[in-house]
Amino acid sequence: MLINSQVLSLLLSEVNIVILMFIPFEWLHSELSNICRSLLRVKQLHAFLLKTYLSEDPFYATKILRQYAVNSDINSAHHVFDKTSDRSVYLWNSMIRAFAQSQRFFSAISLFRTMLGADISPDGHTYACVIRACADNFDYGMLRRVHGGAVAAGLGLDPVCCSALVTAYSKLGLVHEARRVFNRITEPDIVLWNSLISGYGSSGLWDVGMQMFSAMKLVGKKPDGYTLAGLLVGIVDSGVLSIGQGLHCLSQKSGLDADSHVSSLLVSFYSRCKCMDYAYRVFCSILNPDLVTWSALIMGYSQAGVFEKVLYLFRKLNIEDRKADTVLVASVLASIARTANVGLGCEVHGYALRHGLELDVRVSSALIDMYSKCGCLQLGISVFRIMPERNVVSYNSIILAFGLHGYAYEAFKVFEKMLEKGLVPDEATFSSLLSACCHGGLVKDGREIFRRMEEEFNIRPRAEHYVYMVKLLGSSGELEEAYSLIRSLPEPVDKAILGALLSCCNSRGNSELAETVAQQLFANNPTDNVYRVMLSNIYAGDGRWDDVKMLRDKITGRMRKMPGLSWIESS
DNA sequence: ACCCGACTTC
């Protein structure tokens, strides 16, 4: 029986028991089992189930609940759950999962607690779902409690539960804890092996992941797409290019390169290694690359600074009649910000508007940054004003924008507002604020915020923060204070921090301190001739030509200065 | 249903 959409709509809206007799149940099952991306259709199906009293059946109730959940209609999903009197474990699990996936962590936990009190026992999947939710919310305390609960319920060795535990502990950075869970299982299944390998991969321990990979093959387990993906995420830079190439080779031999996750990871692996030719070749070999793979390639070109390729690919995507998503548009905008071409930025903003992507946090934040870097602060502010949802990144972007344009006072005002909203500032927030102080010459506020960063917000300053502090203090003549800040740091001091002080010595004409700083730089970076050039310029300013000559003679090899180039676009 | 991918600010 062939059912086209018109017939279907008619059936769903005008159904009665007579028509029901003609509906093949295989069709109904497939309609409910496949992911339906239309909320309207889900509602029609639900109405149909209600009319035929099939909604009482926990099997159908679960199916429709899940359909509501994938369409983000969590209230309807909850309604279905409430109306079903005969609740199976699967139904409970689906509802807990629906809460967890729609970021309603506390609802998920509270439903889980209700389930513990009800006359039904949670199974491995219930615990797995709650465990995952704990990890997604970085709630270590809750994770320990749920883990304890699982052990007490006799599920401490349940394969499903343990896979989730291994992943959760790895996500919280406790890969040793994950290993302990793994070690308790005498015969791990492929999923458990994959969980541990992914855990090592995402914790930066790709070598241990490779050891586990060998161990897994020794006990006769055949790797699948998850295994390769877990290994590939760990290969982060060109230092281990050959390992990644080996995995590429392996994926081709085993046919796993057809897996969309594996192929997109191969593209991003080559991108991370700056091997864009390889990345492009892998991309071209994929039959129907999905948006994630397109994004990986576009990001690769963006990070390699090949901006014309970014735009070329974005246009190519459109020519192929594919619709970009928020992540892809945000990446393209970030790339345009670096070219400072506001015309292109406006084009992509227009694209975002036409496709209803402009209110997304990532897109909006990228727009703020793009407009401010292109010199259009006002446009960035307008975007910030209208965005419905703001996160730390959005605030960081607008703070940076104000600072960049010399409005340090506004930057601090936004910072206060951000704290009022209960958002927790991160390292980038303080980078942006310190940068604002540098642009505005606010020494006092800079010192204050630098102090608060550590004392009040528990953020240990990184090299970039010290660079800003040194620049701020040094350029306002407080060279001694800048130097004593540097001396409080453990050796070896990052060359960017010392370099910032050296450059301040240059502009303030303090050759005495410059010599001390430069000696330290020479000692730790003997091949970096830039610092010799800087010091020789300082000597030249004092007319100490003998010292200039002595330094210049030490510069071995050729130094080529890149000619300064700039361009403007005219229309 | 447990294990895998692109992500805006520094």
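Everything numeric in this text was worked out from a predicted model, so none of it was measured.
Base engagement by A:Ser295 is indicated by at least one non-hydrogen atom pair under 4.0 Å involving a base atom. Residue A:Asp369 is in sugar-phosphate contact alone, with no base atom involved, counting any heavy-atom pair closer than 4.0 Å across all strands shown. Within 4.0 Å (heavy atoms only), A:Ser431 reaches sugar-phosphate atoms of the nucleic acid but no base atom. Among the protein residues, A:Ser94 comes within range of no part of the nucleic acid, since none of its heavy atoms lies under 4.0 Å from any strand. Among the heavy atoms of the strands lying under 4.0 Å from A:Lys373 are primed sugar atoms or P, OP1, OP2 only; no base atom is included. In this structure, A:Gly230 reaches neither bases nor backbone, as no heavy-atom distance under 4.0 Å exists between it and the strands shown. Residue A:Ser198 is classed as a sugar-phosphate contact, given heavy-atom separations below 4.0 Å to backbone atoms only. Within the 4.0 angstrom heavy-atom criterion, no nucleotide atom of any strand lies near A:Asp224. Residue A:Thr227 is classed as having no contact, given no heavy-atom separation below 4.0 Å to the nucleic acid.
Listed by chain and number, the residues in a ring-ring contact (aromatic ring centres under 6.0 Å, His included) with A:His349 are A:Tyr371 (sequence neighbours excluded). With sequence neighbours excluded, no residue forms a salt bridge (charged side-chain N to carboxylate O under 4.0 Å, His left out) with A:Lys221. Partners of A:Arg390 according to the salt bridge (charged side-chain N to carboxylate O under 4.0 Å, His left out) rule, which considers only residues two or more places apart in sequence or in another chain, do not exist here. Evaluation of the ring-ring contact (aromatic ring centres under 6.0 Å, His included) rule for A:Tyr468 yields no partner, not counting sequence neighbours. Take A:Asp257 and apply the side-chain hydrogen bond (donor to acceptor under 3.5 Å, both in side chains) test, not counting sequence neighbours, and it matches no residue. Take A:Tyr200 and apply the ring-ring contact (aromatic ring centres under 6.0 Å, His included) test, not counting sequence neighbours, and it matches no residue.
Of the residues in residues 355-367 of chain A, A:Val361, A:Arg362, A:Ser365 come within less than 4.0 Å of DNA chain B through at least one heavy atom, sorted by number. Within residues 462-472 of chain A, the residues approached by DNA chain B to less than 4.0 Å at the level of any non-hydrogen atom are A:Arg462, A:Glu464, A:Tyr468, in residue-number order.
Identified under the ring pair (Phe, Tyr, Trp, His ring centres under 6.0 Å) test for residues 154-174 of chain A, with sequence neighbours left out: A:His147-A:Tyr169. Sorted by first and then second residue, the ring pair (Phe, Tyr, Trp, His ring centres under 6.0 Å) pairs with a member in residues 379-398 of chain A read A:Phe384-A:Tyr395; sequence neighbours excluded.
A:Phe99 and A:His78 have their aromatic ring centers within a separation under 6.0 angstrom.
A cation-pi arrangement is found for A:Lys171 relative to A:Phe138, the charged atom lying closer than 6.0 Å to the ring centre and inside a 45° cone about the ring normal.
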I'd like a table of donor-acceptor pairs (distance under 3.5 Å, sequence neighbours excluded) in which one partner is a side-chain atom from residues 291-298 of chain A, with atom names and distances.
residue: A:Thr293; atom: OG1; partner: A:Asp290; partner atom: OD1; Å: 2.8

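Chain A approaches DNA chain B within less than 4.0 angstrom (heavy atoms of the protein), and the contacting nucleotides run 5' to 3' from B:dA1 to B:dC10.
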